[in-house]
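Beneath this line is the structure, given in structure tokens, with notes to follow.
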Amino acid sequence: MQPSRQRLPYIFTSMASTVRTKARPTIREFDLIRALHRRHGRRAPSVIQGIGDDAAVITSRAGQWTVLTTDLLTEGVHFDLRTATMSDIGFRAAAANLSDVAAMGGTPQYLLVALAIPRTGTRQHVLQLYRGMMAACRPHRVRLIGGDTSASGDGWFISVTLVGMVPHRKALFRSGARIGDLLYVTGTIGDALAGLRLLNEPPPRARRHPRTGALSARHRQFLIDRHLHPTARVAEGQWLSALHLATSAIDISDGLSGDLRHICEESHVGVDLDLGALPLSPACVAYATSRHLDPVDLALTGGEDYELLFTASARQRPRLERTALERGFSLTRIGKIHPFRFGIQAVSSHGRRHRLPNTSYEHFT
Ligand code: ADP
Ligand code: MG
């Protein structure tokens, strides 16, 4: 899309010729797109037209629904270039979208990426960003089929759109939880928040109490990696959908407490959450101990773990737990669905019961 001339903060070389007073790294828009096409625009039989025309054209298969999701990442709001590389940012952007498709029980297929690049952005930055994105996509054979490129007057904007499919009537929605269902979560939660906090901590020498830094290098690396390189639970979502095991599902992007609330609201049910059962990694527990925090708080409020939170009918429990074991999926039962009037309650490991506060992150507040 061509922006109006007068509003342009600065101009890409392909858009217009300008006299520049200051030297700065130049990005040639069409060279850049060609490079992205060459590196990442791999062909697939279902792609009739990928990068290189006005729009991409794909074939759709009979008996499939199309799943679509998009995410916008803004520099300073969603990422900080002082603590993450462009490749890390790309990986996380793609993983967030893959996770959305996973939570619908779908198979991710095609990627579109729109970029606004600031003055300070270079061709290398963009290539690194795509390297990260495609690294997250590669295991799922997701194809890059298009995007858009613009200049930005203020920081990076990265919009990632993912297209996928799911067989008719097999999509998993937030609205399907029923009274009596069991609540499950994949993997471990709280790790990504611990990793983010570690990245944002001042270096040990600047800290007032250096002794609180006692955390093994291995745990530290694990947590940071969980933040920078989350795994979307695509295979788990497909399994839940294909075997009709789940009644509802969501991915944990805002934190368990907030995302569980979404299931309850959309399904018009209440829930009893067992805090003592929450799956915590040894690294998350070690981090919490070293910082005098409760790891359960990290697990409740920490977003961006990209684990799947889902409900299943109690009747399915044996089949669910057996097939998870067979496939090597890590799964924990953490609660039970109640009538709406029950509300959202949690029981601590000491048996103390309370209402769960809403801690999800909201923009503009
Ligand atoms: P248009 O003017 O029709 O928007 P563009 O010149 O922006 O066309 O894009 C040309 C082709 O390059 C299209 O296929 C578009 O999808 C693709 N493309 C543009 N920017 C990107 C990008 N950042 N990543 C991937 N593909 C891109
Ligand atoms: Mg365009």
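Predicted model only: the values in this text are computed from it and were never measured. Order of appearance sets the numbers: ligands from 1, and atoms from 1 within every ligand.
- The shortest N or O to N or O distance between E29 and ligand 1 is not below 3.5 Å.
- Here is the list of ligand 1 atoms found below 4.0 Å of a heavy atom in I51: 12 (O), 14 (O), 17 (C), 25 (C), 26 (N).
- Any N or O atom pair closer than 3.5 Å counts here, and G52 shares at least one such pair with ligand 1.
- When each atom of ligand 1 is checked for a heavy atom of V113 under 4.0 Å away, the hits are 22 (C), 23 (N), 24 (N).
- For the pair E29 and I117, the minimum side-chain heavy-atom distance is 4.5 Å or more.
- Ring planes of F340 and H268: parallel class, angle under 30° (limits at 30 and 60°).
- Taking 4.0 Å as the cut-off between side-chain N and carboxylate O, E307 and R226 count as a salt-bridged pair.
- Residue G147 places at least one N or O, backbone or side chain, under 3.5 Å from an N or O of ligand 1.
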Step by step, would you call D259 with D251 a side chain to side chain contact (heavy atoms under 4.5 Å, CB included)? CA-CA 8 Å; D259 291 318; D251 69 322; over 6 Å; no

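- Here E321 pairs with R317 in a salt bridge; the nearest charged N to carboxylate O distance falls below 4.0 Å.
- Atoms of ligand 1 lying under 4.0 Å from any heavy atom of F30, numbered from 1 in the order shown and given with element: 6 (O).
- The distance from ligand 1 to the heavy atoms of I33 drops below 4.0 Å at these ligand atoms: 12 (O), 18 (N), 19 (C), 20 (N).
- Under the 4.0 Å criterion applied to side-chain N and carboxylate O atoms, R178 and D181 are not assigned as salt-bridge partners.
- Contact annotation for L32 and ligand 1: no heavy atom of the residue comes within less than 4.0 Å of the ligand.
- Of all atoms in ligand 1, listed by their number and element, those nearer than 4.0 Å to a heavy atom of G146 are 16 (O), 25 (C), 26 (N), 27 (C).
- Contacts classified as side chain to side chain donor-acceptor pair (under 3.5 Å) and involving residues 125-142 (residues at least two apart or in different chains) are given here: T122-H125.
- Against a heavy-atom cut-off of under 4.0 Å, D54 is close to the following atoms of ligand 1: 3 (O).
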